[in-house]
Amino acid sequence: MAKPISIEVWNPSGKYRVVSTKSMPGTRWISLLTANDCRLEICTEKKTILSVDDILALIGDRCDGVIGQLTEDWGEVLFSALKRAGGTAFSNMAVGYNNVDVEAANRNGIAVGNTPGVLTETTAELAASLSLAAARRIVEADQFMRAGLYDGWLPHLFVGNLLKGQTVGVIGAGRIGSAYARMMIEGFKMNLIYYDLYQATRLEKFVTAYGQFLKANGEQPVTWKRAATMEDVLREADVISLHPVLDKTTYHLINPERLAIMKKEAILVNASRGPVIDEVALVEHLKVNPMFRVGLDVFEDEPYMKPGLADMKNAVVVPHIASASKWTREGMATLAALNVLGKIKGYPVWGNPNLVEPFLKEDATPPAACPSIVNAKQLATRITYTLPG
């Protein structure tokens, strides 16, 4: 028998029972659920990652929907339990859903929600921050100061890389990759080389127009190039930021061979998915190439780092905080809650999951739709198209 799980209950007499496996930022998501006749139970266990058994105990005998986290293993065991409890909806509080067995959800008739459209700029900003921190050795310098080692200015003290006029490489020029590229190009007047299976037409037009603006004002224009291969990006770029999806083709995308073709003083940034980098190979590369630097927000075996990575002075490491702005995290909580609520209420699915502003307006009633259901077609769920404006 599953052990009891500590919870916080909102609207105890609500008709629909919704469980959240974690407390989430903000209060709007709570208000939206309770105002729509939901009894909300928020897990308050003092542990970072809940086990399958923990979540089974939360689901119990009756549960209409669950809001979960990307650290949880949502497969056949949990989806079948949710189905037996009368549930029809699960939503990750994340844009990614690598932790979710969508086929298992389909077999059990469970809608799987996610939260795209709200993380783009926040994630791109973090990738840009890691790029600058690595280039200018900010973390090393901060630790040096705090240790009381600063005796005065020296010509060679923490000399890093100038970004202006250098080349930024982007692997995966989707929404986040393109937003990052624009920040680096407009902010530091960097040239662009990118690799993507699809042409990033809007990004190319932006770089072209910005280059013409610079030229008209007597400055060196920026340029763009769409690389034929990923290796071209790795060879030519001074700063490389990874923004691919994680699947079988991108697992260990960065491996010993690809690290070897990068510039010795290159900067590699990853705010996408940890397993796209062979972390053991990366540690060895950092040891052999002290002027090669990385900025990492995600790791291959989270929450752990591979042995030796934490000791590398040429690595900037942060704990998966790419989406950690107040607006974004509260927005993610709202979207996840509305995915579950919408399915419970029988609402159709929003036609454009990347246009989510109508759901996030604090002073407005959100549309009667599920913001984003990744398996809507498999479940034959109705789609409602977004209205212009």
Side-chain angles (χ1 to χ4, degrees), residues 116-138 159-245 250 253-254 258 261-272 276 291-295 297 316 322 325 352 354-355 357:
V118 71
L119 300 93
T120 301
E121 298 297 326
T122 300
T123 302
E125 284 182 4
L126 193 278
S129 300
L130 289 173
S131 302
L132 186 58
R136 298 303 302 272
R137 303 174 67 179
I138 290 172
V159 173
N161 296 11
L162 178 70
L163 295 179
K164 182 183 178 183
Q166 301 300 300
T167 298
V168 60
V170 173
I171 295 175
R175 293 182 307 277
I176 296 172
S178 291
Y180 165 82
R182 290 184 56 158
M183 290 175 188
M184 303 303 289
I185 294 161
E186 192 171 15
F188 302 106
K189 298 182 175 67
M190 300 186 78
N191 298 308
L192 170 68
I193 181 170
Y194 80 92
Y195 176 78
D196 198 292
L197 296 176
Y198 303 96
Q199 185 173 6
T201 305
R202 291 183 63 186
L203 177 59
E204 292 174 1
K205 288 180 178 178
F206 166 80
V207 181
T208 299
Y210 186 52
Q212 292 170 346
F213 167 80
L214 292 174
K215 186 177 181 179
N217 284 275
E219 296 188 62
Q220 182 70 26
V222 294
T223 63
W224 64 265
K225 175 182 177 182
R226 183 185 179 192
T229 69
M230 190 186 342
E231 284 74 14
D232 291 338
V233 175
L234 299 178
R235 287 190 192 96
E236 296 182 30
D238 301 287
V239 181
I240 299 104
S241 191
L242 305 175
H243 299 279
V245 297
T250 60
L253 192 73
I254 302 301
R258 285 178 171 147
I261 67 175
M262 295 173 68
K263 295 180 179 180
K264 296 299 183 185
E265 294 188 4
I267 294 165
L268 177 65
V269 173
N270 187 17
S272 60
V276 302
M291 294 307 293
F292 184 95
R293 291 190 280 278
V294 295
D297 179 56
V316 179
S325 70
N352 186 346
N354 296 307
L355 182 62
E357 287 80 1

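Just so it is clear, the structure is predicted and the values come from calculations on it, not from any experiment.
- Nearest heavy atoms, Asn354 versus Pro116: OD1-CB, 3.8 Å.
- In terms of heavy atoms, Pro244 sits closest to Leu242 at CD-C, 3.4 Å.
- The heavy-atom pair separating Val233 from Ala227 by the smallest distance is CG2-CB, 3.7 Å.
- Remark: Asp196 CG to Arg226 CZ distance equals 7.0 Å, nearest 0.5 Å.
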Name every donor-acceptor pair, under 3.5 Å, that has one atom in a side chain of residues 159-170 and the other anywhere in the protein, sequence neighbours excluded.
{"residue": "Asn161", "atom": "OD1", "partner": "Arg293", "partner atom": "NH2", "Å": "2.8"}
{"residue": "Asn161", "atom": "ND2", "partner": "Glu265", "partner atom": "O", "Å": "3.1"}

Please tabulate, for side-chain N and O atoms in residues 176-185, each donor-acceptor pair with protein atoms closer than 3.5 Å (sequence neighbours left out).
{"residue": "Ser178", "atom": "OG", "partner": "Ala173", "partner atom": "O", "Å": "2.9"}
{"residue": "Ser178", "atom": "OG", "partner": "Gly174", "partner atom": "O", "Å": "3.0"}
{"residue": "Tyr180", "atom": "OH", "partner": "Ser131", "partner atom": "OG", "Å": "2.8"}

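- Note: Asn270 CG to Ser241 OG = 7.5 Å, rounded to the nearest 0.5 Å.
- Sorted by first then second residue, the side chain to side chain donor-acceptor pair (under 3.5 Å) pairs that include residues 118-128, not counting sequence neighbours, are Thr122-Ser325, Thr122-Thr328.
- The distance from atom NZ of Lys263 to atom CD1 of Ile267, rounded to the nearest 0.5 Å, is 11.0 Å.
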Would you sort out whether Gln199 and Glu204 count as a side-chain contact (heavy atoms from CB on, under 4.5 Å), showing the intermediate values?
CA-CA 9 Å; Gln199 185 173 6; Glu204 292 174 1; 2.8 Å; yes

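- Side-chain contact check for Leu192 versus Val222: every heavy-atom pair is 4.5 Å or farther apart.
- Going from atom CD1 of Ile240 over to atom CG of Leu234 covers 6.0 Å, rounded to the nearest 0.5 Å.
- You'll find the side chain of Lys225 stays beyond 4.5 Å of the side chain of Asp232, heavy atoms only.
- For the atom pair Leu203 CG and Arg175 CZ, the distance stands at 14.0 Å (nearest 0.5 Å).
- Every residue two or more places apart in sequence or in another chain that forms a salt bridge (Lys or Arg N to Asp or Glu O under 4.0 Å) with Glu231 is listed here: Arg258.
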Show your working on side-chain contact (heavy atoms from CB on, under 4.5 Å) between Glu219 and Phe213 and close with a plain yes or no.
CA-CA 9 Å; Glu219 296 188 62; Phe213 167 80; 5.6 Å; no

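- The list of salt bridge (charged side-chain N to carboxylate O under 4.0 Å, His left out) pairs with a residue in residues 128-138, not counting sequence neighbours, reads Arg137-Glu140.
- The line from CD of Glu186 to CG of Leu214 is 9.0 Å long, rounded to the nearest 0.5 Å.
- Across all non-hydrogen atoms, the minimal contact from Met230 to Tyr195 is N-CD1, 3.6 Å.
- Take Asp297 and apply the side-chain hydrogen bond (donor to acceptor under 3.5 Å, both in side chains) test, not counting sequence neighbours, and it matches no residue.
- Remark: the backbone N or O of Val245 is paired with a side-chain donor or acceptor of Thr250 at under 3.5 angstrom.
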